[in-house]
Amino acid sequence: YSKAELLDMDVRAITHPDDWSHNTELYRGLFETGESFLIEKRYCRKDGSEVWVNMNVSPIRNRQDKIEGAVAVVIVVTRQKLAEKELATAKDRLAADLDAMTRLEKIVAMFVREGDLSATLGEIVQAAIAVTGAAKGNIQLFDARLGKLVIAAHYGFGQPFLDFWN
């Protein structure tokens, strides 16, 4: 918004709708009790994007100690909020990767312990599905005797699919 546009607007017009009721409660408390407050909130730009801010709001008093208004120190923290979101996403991705590596380690241990290739391939399919977020998966191996790929392990496919490929 331009300066002229902002001067013609009230704070509600630029406050994110989800933050308005909490914002109102805090201002009401400030004017009723004189208590300053801190708030993290969002403003809305003209293009609809959000601006995150931290505000420290205090009352303005006249000589008779009556509250006549409020003053706010506003610090834009949009970059920090985006960085926090990216960090949380990376943390989730790292946890998923760690889970996948743990699953793969268990698969290797199972194969070494049991020597059962079929069960091991089934576990590999499950791990691959978990890592990729897929709904279905299969492993195909080349059968030299038949001269074609055959499904050695699968998850989530119905019998018609399996019959078609085998």
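All values derive from a computational prediction rather than experimental measurement.
Considering CD1 of I151 and CZ of F161, their distance stands at 5.0 Å, rounded to 0.5 Å. Of the inter-residue distances, the one linking E86 atom CD with E84 atom CD reads 11.0 Å to the nearest 0.5 angstrom. In this structure, CD in Q80 is found 9.0 Å from CG in L82, a value given to the nearest 0.5 Å. Interatomic distance, E123 CD to L104 CG, rounded to the nearest 0.5 Å: 10.5 Å. Rounding to the nearest 0.5 angstrom, the gap separating the NZ atom in K41 from the CG atom in N54 is 11.5 Å. Rounded to the nearest 0.5 Å, atoms CG (N23) and CE (M55) are 6.5 Å apart.
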Set out, in order, the CA-CA distance, both residues' side-chain angles and the distance that settles salt bridge (charged side-chain N to carboxylate O under 4.0 Å, His left out) for K81 and E50, then state yes or no. CA-CA 11 Å; K81 293 298 280 187; E50 296 176 351; over 6 Å; no
Applying salt bridge (charged side-chain N to carboxylate O under 4.0 Å, His left out), run through E25 and R28 and close with a yes or a no. CA-CA 5 Å; E25 290 172 25; R28 185 176 299 120; over 6 Å; no
Could you walk me through whether R12 and T24 pass side chain to side chain contact (heavy atoms under 4.5 Å, CB included), step by step? CA-CA 9 Å; R12 184 176 192 150; T24 302; over 6 Å; no
Determine, stepwise, if the pair Y43 / V11 fulfils side chain to side chain contact (heavy atoms under 4.5 Å, CB included). CA-CA 9 Å; Y43 285 120; V11 72; 4.2 Å; yes
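Summarising the local packing, CZ of R79 is surrounded by 12 or fewer heavy atoms from other residues, nucleotides or ligands at distances under 6.0 Å. The neighbour count for Q140 CD, taken as heavy atoms of other residues, nucleotides or ligands under 6.0 Å away, is above 12. Shown here is W20, whose CH2 atom has more than 12 heavy atoms of other residues, nucleotides or ligands within 6.0 Å.
Between the side chain of S58 and the backbone N or O of V71, no donor-acceptor pair lies under 3.5 Å. Remark: side-chain polar atoms of D10 are paired, donor with acceptor, to backbone N or O of A13 under 3.5 angstrom.
Shown here are the side-chain contact (heavy atoms from CB on, under 4.5 Å) partners of L146, two or more places apart in sequence or in another chain: D143, K148, V150. Annotation: side-chain contact (heavy atoms from CB on, under 4.5 Å) contacts of Y155 (sequence neighbours excluded): V125, Q126, I129.
Annotation: side chain of I124 is in contact with side chain of L121 (closest heavy-atom distance under 4.5 Å).
Hydrophobic clustering (ILVMFWY, side-chain heavy atoms < 4.5 Å, transitive): Y1 and V53 are in one cluster. I139 is not connected to W165 by any chain of hydrophobic side-chain contacts under 4.5 Å among Ile, Leu, Val, Met, Phe, Trp and Tyr, and they are in different clusters. Linking ILVMFWY residues whenever their side-chain heavy atoms come closer than 4.5 Å, directly or via other members, leaves V77 and V74 in distinct clusters. Both L6 and V76 are assigned to one and the same hydrophobic cluster, defined by single-linkage of ILVMFWY side chains at heavy-atom distances under 4.5 Å. With hydrophobic clusters built from ILVMFWY side chains whose heavy atoms lie under 4.5 angstrom apart, I39 shares a cluster with Y27.
Of all the heavy atoms in F142 and L149, the pair that sits closest is N-CD2, 3.6 Å. G69 and L30 make their closest contact through O-CD2, 4.4 Å (heavy atoms, listed as atom of the first residue, atom of the second, distance). Across all their heavy atoms, H16 and C44 have their closest contact at CA-SG, 3.6 Å. Summarising the geometry of G34 relative to R61, their closest heavy-atom pair is CA-NH2, 3.4 Å, with the distance given to 0.1 Å.
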